[in-house]
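Below is one structure, written out as structure tokens; comments come after it.
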Amino acid sequence: MSLYPSVLFVLLVTMAAAETLRPGFYAQTCPEAEAIVRYEMMKAMIREPRSVASVMRFQFHDCFVNGCDASLLLDDTPNMLGEKLALSNINSLRSFEVVDEVKEALEKACPGVVSCADVIIMAARDAVALAGGPDWVVRLGRKDSLTASQEDSDNIMPSPRANATSLIDLFTKFNLSVKDLVALSGSHSIGEARCFSIMFRLYNQSGSGKPDPAIEPWFREKLDKLCPLGGDENVTGDLDATPKLFDNQYFKDLVAGRGFLNSDQTLFTFPQTREYVKLFSKDENEFFKAFVEGMLKMGELQSGKGGEIRTNCRVVNSQALDV
């Protein structure tokens, strides 16, 4: 499928007409909003550390598809195929219940005030900070979409098989630079991924019937044991050597040929991205600064379409009234 559907053009040309985002958006209407989100994310992390990495990824998967509007969170309806079962999300994205818990707490404190789209942005920031990464001031004021599109998600979101060239082209469409691409890929500093995503790397890279030569031999043996041919492809492996800590180990692993996903390792094998991988592997502060800048830029993506403040992140308000 094309990575350049017309929806990207529409997204970019309408950004100027979208909501004006700013820090402290809820200072008067829900002054405890950010503290509530941080507290609920902390509870989720204590209960299951992997959940914060899962929630952090929601910002990527939501903002790239028609802007940061919480369309990702909508459940399917008889008249709409949402994004949860899109190719890049099905059997991959998880911990939607954490957002439900955050939203429930916000609704108790400030009914109908804080959007689900802003919850995603705040929760992603908190996931990084709670895992030892940088903290930053988020710009808020988004509205929630009234619909979602599985087709748009399938057309836009990159595959784990993606190479650096296609990733650069995709990010460029969103006015995100090569540096942004490499830094934001550092989100894989925490969390896990399924064997399903790397079977081709281990046993049939580029149709060769052989493993990806970029994989360091010792690491390949480890992956072979984790993900044997014919084994359970839903088994998960760590995305880097410190999967619960947000740090620059991810980039050190890429330099050593120990990237889990093809879309990760390609950042080191491709000349245009390699220098940033080297930089971030040596200087964690540079990585943190670039990551925050990229997250803020990504968070500005909006479609310019009208929206609402959902009371239940899984359904639009008109449907919530019918339940």
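All residue numbers refer to positions in the sequence shown, counting from 1.
A donor-acceptor distance shorter than 3.5 angstrom exists from the side chain of S208 to the backbone of K210, with no hydrogens or angles considered. Q150 places no side-chain N or O within 3.5 Å of a backbone atom of L81 that could act as its donor or acceptor partner. Side-chain atoms of R201 come within 3.5 Å of backbone N or O of F260 as a donor-acceptor pair. With D118 contributing its side chain and G141 its backbone, the two residues share a donor-acceptor pair below 3.5 Å. Proximity of a side-chain donor or acceptor of D152 to a complementary backbone N or O of N155 within less than 3.5 Å is not detected. Side-chain atoms of T266 do not come within 3.5 Å of backbone N or O of S263 as any donor-acceptor pair. When atom types are taken as modelled, the side chain of K84 and the backbone of L73 share a donor-acceptor pair closer than 3.5 angstrom.
Note that CE of M157 is 8.0 Å distant from CG of L93, once rounded to the nearest 0.5 Å. The line from CG of N204 to CG of L229 is 9.5 Å long, rounded to the nearest 0.5 Å. Here the straight-line distance linking atom CD of Q59 with atom CG of L184 works out to 8.5 Å at 0.5 Å rounding. In this structure, the separation between CZ on F251 and NZ on K282 is 14.0 Å, given to the nearest 0.5 Å. If you take OG1 on T165 and CD on Q272, they are separated by 7.5 Å, rounding to the nearest 0.5 Å. From E284, atom CD reaches atom CG of N248 across 4.5 Å, with rounding to the nearest 0.5 Å.
Closest heavy-atom contact between R139 and L296: NH2-CB, 3.7 Å. Closest non-hydrogen pair, Y26 versus A33, comes out as CB-CB, 4.2 Å. Considering all non-hydrogen atoms of both residues, E40 and A105 come closest at OE2-CB, 3.8 Å. Here the closest non-hydrogen pair linking K179 and A290 is CE-CB, 3.8 Å. When all heavy atoms of A193 and L261 are compared, the pair lying nearest together is CB-CD2, 4.2 Å.
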Quick one: do D247 and T242 satisfy side chain to side chain donor-acceptor pair (under 3.5 Å)? Show the steps, please.
CA-CA 8 Å; D247 57 11; T242 56; 3.0 Å; yes
Checklist entry - Hey, mind stepping through R94 and S54 against side chain to side chain donor-acceptor pair (under 3.5 Å) and telling me if it holds? => result CA-CA 6 Å; R94 54 196 293 281; S54 302; 3.2 Å; yes
Assess whether side-chain contact (heavy atoms from CB on, under 4.5 Å) is satisfied between Y250 and S185, documenting all intermediate values.
-> CA-CA 9 Å; Y250 165 82; S185 296; 3.6 Å; yes
Check: Hey, mind stepping through E300 and K297 against salt bridge (charged side-chain N to carboxylate O under 4.0 Å, His left out) and telling me if it holds?
Finding: CA-CA 5 Å; E300 298 285 344; K297 288 169 68 174; over 6 Å; no
Using the salt bridge (charged side-chain N to carboxylate O under 4.0 Å, His left out) rule, take E97 and R47 through it: C-alpha gap first, then chi angles, then the decisive distance, then the call.
CA-CA 12 Å; E97 71 280 356; R47 183 175 68 232; 5.1 Å; no
| Worked verdict on R310 versus L74 for side-chain contact (heavy atoms from CB on, under 4.5 Å) | CA-CA 10 Å; R310 290 185 218 137; L74 288 173; 3.5 Å; yes
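If you run side chain to side chain contact (heavy atoms under 4.5 Å, CB included) between L267 and each of N163, V178, V277, only V277 comes through. Residue R314 forms a salt bridge (Lys or Arg N to Asp or Glu O under 4.0 Å) with just one option from D76, D100, D144, and that option is D100.
The closest side-chain heavy-atom distance from Q205 to N262 is below 4.5 Å. Side-chain atoms of I156 and L170, non-hydrogen and from C-beta on, do get closer than 4.5 Å to each other. Looking only at side-chain heavy atoms (C-beta outward), D69 and K143 stay at 4.5 Å or farther from each other. Contact check for C116 versus E308: no side-chain heavy atoms found under the 4.5 Å cut-off. Between I309 and V113, every side-chain heavy-atom pair lies at or beyond the 4.5 Å cut-off. Residues S153 and S88 meet the side-chain proximity criterion, which asks for heavy atoms closer than 4.5 Å. Counting only heavy atoms from C-beta outward, the side chains of S145 and N66 never approach each other to under 4.5 Å. At least one side-chain heavy atom of L181 sits under 4.5 Å from a side-chain heavy atom of I168.
For residues 124-138, the pairs satisfying salt bridge (charged side-chain N to carboxylate O under 4.0 Å, His left out) are E34-R125, R38-D126, R38-D135, R125-D135, with sequence neighbours left out.
There is no side-chain donor-acceptor pair under 3.5 Å between T172 and D169. Side-chain contact check for E83 and S71: at least one donor-acceptor pair (N or O, by modelled atom type) lies under 3.5 Å.
A continuous path of Ile, Leu, Val, Met, Phe, Trp and Tyr side chains, each step under 4.5 Å between heavy atoms, connects L176 with F291, placing both in one hydrophobic cluster.
A centroid separation of 6.0 Å or more is found between the aromatic rings of F287 and Y276.
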